[in-house]
There are 2 protein chains.
Amino acid sequence: MNLRNEKHKLGRQLILHEARQLFIALGYHQFSMRQLAKAVGCSPGTIYVHFKDKNELVNCLIEDAFDKLSETLHALEPQDDPSDQLKHALRAYIDFGLEHPNHYHFAFLMKDPRPAGTPYAPHAAFDFLRDLTKSNIQSKRLRLNDIDMVSQVLWTAIHGITSLLITKPRFPWVNKDQLINELIETAISGLNREESAQEKT
Amino acid sequence: MNLRNEKHKLGRQLILHEARQLFIALGYHQFSMRQLAKAVGCSPGTIYVHFKDKNELVNCLIEDAFDKLSETLHALEPQDDPSDQLKHALRAYIDFGLEHPNHYHFAFLMKDPRPAGTPYAPHAAFDFLRDLTKSNIQSKRLRLNDIDMVSQVLWTAIHGITSLLITKPRFPWVNKDQLINELIETAISGLNREESAQEKT
DNA sequence: TCCTATATTGAACACTGTTCATTTTGCGGG
DNA sequence: CCCGCAAAATGAACAGTGTTCAATATAGGA
């Protein structure tokens, strides 16, 4: 019973190992279960012993990848200025997306098929961003004090550039590195409290 | 010969008409050529007389939709303040995306399959945004004077929120309307020249 | 009316994800 | 050692998909 379980887990690992490479190379749609079965050296049915369906399998790959992002973010060297800390994290998020385009694509660019009722499973990475936002709000440098509002503004902003750089490689981008920096600078500076005039409505 | 051409065009229109509804209802992947053929009342092969493949057909639908966006943008009532004008346009862009999620998804969330060599076909809507950016730069209120840099920062920012609101309806968003406004406000204000301290590096 | 160029057809090809009755496998107990 | 039994693996089958193409139907001009 125990040994059987071990073997089951080994089989699962073997499939995931092979799946990882195929997924990285091909992306969600090109990546096929039958092809994977061939690569693993088993029949298509076997994969369904270990995973409910293609979506569940790919979700496992994605979770692994995003755990790594979370680790990367936590491993970031602390900055004295909370605003600098935030900038570094935003940059790391974008870099991660660009280094794992297929993972990022599946996680954030595909409409997930689960019905409206099912609760949203938060990414640890987003929680990290939210915590950093909190620090920045607590240091009272921001124009707003709604943690969720601010972190969602930041997330959507960095998601925008990450996803467009992935999906539109042929667009005549200005220097991408500068663009990313400028976007981050713009977002942070736009959220900062300004001494000079502001506010209407 | 003339009449034949007319009939050809009619057939094309008929297919596009039926395709439009299916595509809006189902999105790119659910939408199938065979299903479309059934709806039109012809055989699958006939559709390939009018369109090279599924991609080309859907591209026609998308172009129609984005022409409408371009019209909407041009029809926007002019504002005295170029910055307000820009804000209105950004808002209209986002609203358009949210009203046509499947079109938006196909246009900006799917990696287009054409090889790296093929030139990028610019959307008229993006040109419009670029022109507005130009006006804003000319009024010397912005921190930067690179039109492309600024317009790309703005585009990626509004794309971020548009796409995430489409793909992550289950995310615990704050009030969406406020979020959109706050993002636009943040982006514009972050690009504005500040009297107070700035710059490092 | 007949000829011909075009439009249309639908079967066929090569795929896809997924299911399930059937067979093989390997461990624990007698 | 071997038998039984439960778990694992199989691969054919189902219902789809986009796309192609030889064969057929059709309609306009001579």
Side-chain angles (χ1 to χ4, degrees), chain A residues 1-23 25-62 102 105-106 110-115, chain B residues 1-23 25-62 102 105-106 110-115:
Chain A
M1 225 189 324
N2 256 338
L3 291 179
R4 280 205 187 272
N5 249 324
E6 289 305 312
K7 217 177 184 189
H8 186 86
K9 279 182 189 170
L10 276 182
R12 202 185 149 94
Q13 283 316 112
L14 222 155
I15 291 171
L16 280 172
H17 176 79
E18 221 66 41
R20 207 159 294 144
Q21 317 189 40
L22 282 173
F23 181 78
L26 302 170
Y28 183 81
H29 285 105
Q30 295 286 328
F31 165 80
S32 101
M33 297 298 261
R34 299 171 112 102
Q35 204 176 147
L36 171 59
K38 217 159 242 167
V40 172
C42 68
S43 76
T46 304
I47 293 175
Y48 288 84
V49 175
H50 298 269
F51 303 92
K52 184 177 137 281
D53 56 20
K54 184 177 178 178
N55 238 282
E56 191 184 280
L57 197 164
V58 174
N59 256 316
C60 289
L61 301 177
I62 301 310
N102 285 326
H105 198 283
F106 179 82
M110 282 174 60
K111 219 168 179 173
D112 100 47
R114 284 168 290 188
Chain B
M1 229 192 321
N2 256 338
L3 291 180
R4 281 206 187 270
N5 248 326
E6 289 304 312
K7 218 177 184 189
H8 187 87
K9 279 181 189 171
L10 276 181
R12 201 185 149 94
Q13 283 316 111
L14 222 156
I15 291 171
L16 280 173
H17 175 78
E18 219 66 41
R20 206 159 292 140
Q21 317 190 38
L22 282 173
F23 182 78
L26 301 170
Y28 183 81
H29 285 105
Q30 294 285 329
F31 165 79
S32 102
M33 297 298 262
R34 298 171 114 101
Q35 205 177 147
L36 171 60
K38 216 159 243 166
V40 173
C42 67
S43 78
T46 304
I47 294 175
Y48 288 83
V49 174
H50 298 271
F51 302 93
K52 185 178 137 281
D53 55 21
K54 183 177 178 178
N55 239 282
E56 192 185 281
L57 197 163
V58 174
N59 256 315
C60 289
L61 301 178
I62 300 310
N102 285 326
H105 199 283
F106 180 82
M110 283 174 59
K111 219 168 178 171
D112 99 48
R114 283 168 290 189

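The structure displayed is predicted, hence computed values, not measured ones. Values below: every heavy atom of this structure, side chains too, minus hydrogens, waters and symmetry copies. A, B, ... follow the sequence lines: proteins, then strands. Residue 1 opens every chain.
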- Query: Separation of Ile47(B) atom CD1 from dT17(D) atom P, in whole Å?
  - Reply: 12 Å
- Task: Would you mind reading off the distance between Glu56(A) atom CD and dT18(C) atom P, rounded to a whole angstrom?
- Result: 10 Å
- Tell me which nucleotide among dT9(C), dT10(D), dC14(D) gets nearest to the side chain of Ser43(A). dT10(D)
- Item | Separation of Phe31(A) CZ from Lys54(A) NZ (nearest 0.5 Å) | 6.5 Å
- Given dA9(D), dT18(C), dT8(C), the nucleotide with the shortest approach to the side chain of Thr46(B): dT8(C)
- Item | Distance, rounded to the nearest Å, where Asn55(A) contributes CG and dT16(C) contributes P | 17 Å
- Query: Can you check the Leu36(A) CG to dT16(C) P distance for me, whole Å?
  - Reply: 11 Å
- Task: For Lys38(B) and dT9(C), give me the distance from atom NZ to atom P, rounded to whole Å.
- Result: 13 Å
- Looking for any heavy atom pair under 4.0 Å, which part of the strands does Phe51(A) touch: base, sugar-phosphate only, or nothing? nothing
- Please determine if a side-chain N or O atom of His50(B) lies less than 4.0 Å away from the OP1 or OP2 oxygen of dT8(C). yes
- Query: What's the closest nucleotide to the Cys42(B) side chain, out of dG10(C), dT9(C), dT16(C)?
  - Reply: dT9(C)
- Message: Go through it in stages, so that I can follow the logic: the residues are Gln35(B) and Leu26(B), the test is side chain to side chain contact (heavy atoms under 4.5 Å, CB included), and I'd like the CA-CA distance, side-chain angles, deciding distance and then a yes or no.
- Response: CA-CA 11 Å; Gln35(B) 205 177 147; Leu26(B) 301 170; 3.3 Å; yes
- Query: Given dT18(C), dG18(D), dG11(D), which nucleotide is nearest the side-chain atoms of Tyr48(B)?
  - Reply: dG18(D)
- Separation of atom OH in Tyr28(B) from atom P in dT17(D), rounded to whole Å: 14 Å
- One should read off an interatomic distance between Leu36(B) CG and Cys42(B) SG, to the nearest 0.5 angstrom, of 7.0 Å
- Phosphate-side-chain proximity, Ser32(B) and dG16(D), N/O vs OP1/OP2 below 4.0 Å: no
- Below 4.0 Å: OP1/OP2 of dT17(D) and any side-chain N or O of His29(B): no
- side chain to side chain donor-acceptor pair (under 3.5 Å) with Ser32(B): which residues, sequence neighbours excluded? none
- Picking from dG11(D), dA9(D), dT19(D), the nucleotide nearest the side-chain atoms of Arg34(B) would be dT19(D)
- Sorted by position of nearest nucleotide on DNA chain D, 5' first, the leading residue of Gly45(A) and Lys54(B) is Gly45(A)
- Task: Could you state the atom-to-atom distance from CD1 of Ile15(A) to C1' of dA9(D) in whole Å?
- Result: 11 Å
- Query: Over how many whole Å does the gap from Met33(A) atom CE to dT10(D) atom C1' extend?
  - Reply: 16 Å
- Item | Parallel, tilted or perpendicular, as decided by the 30° and 60° cut-offs, for the rings of His29(B) and His29(A) | parallel
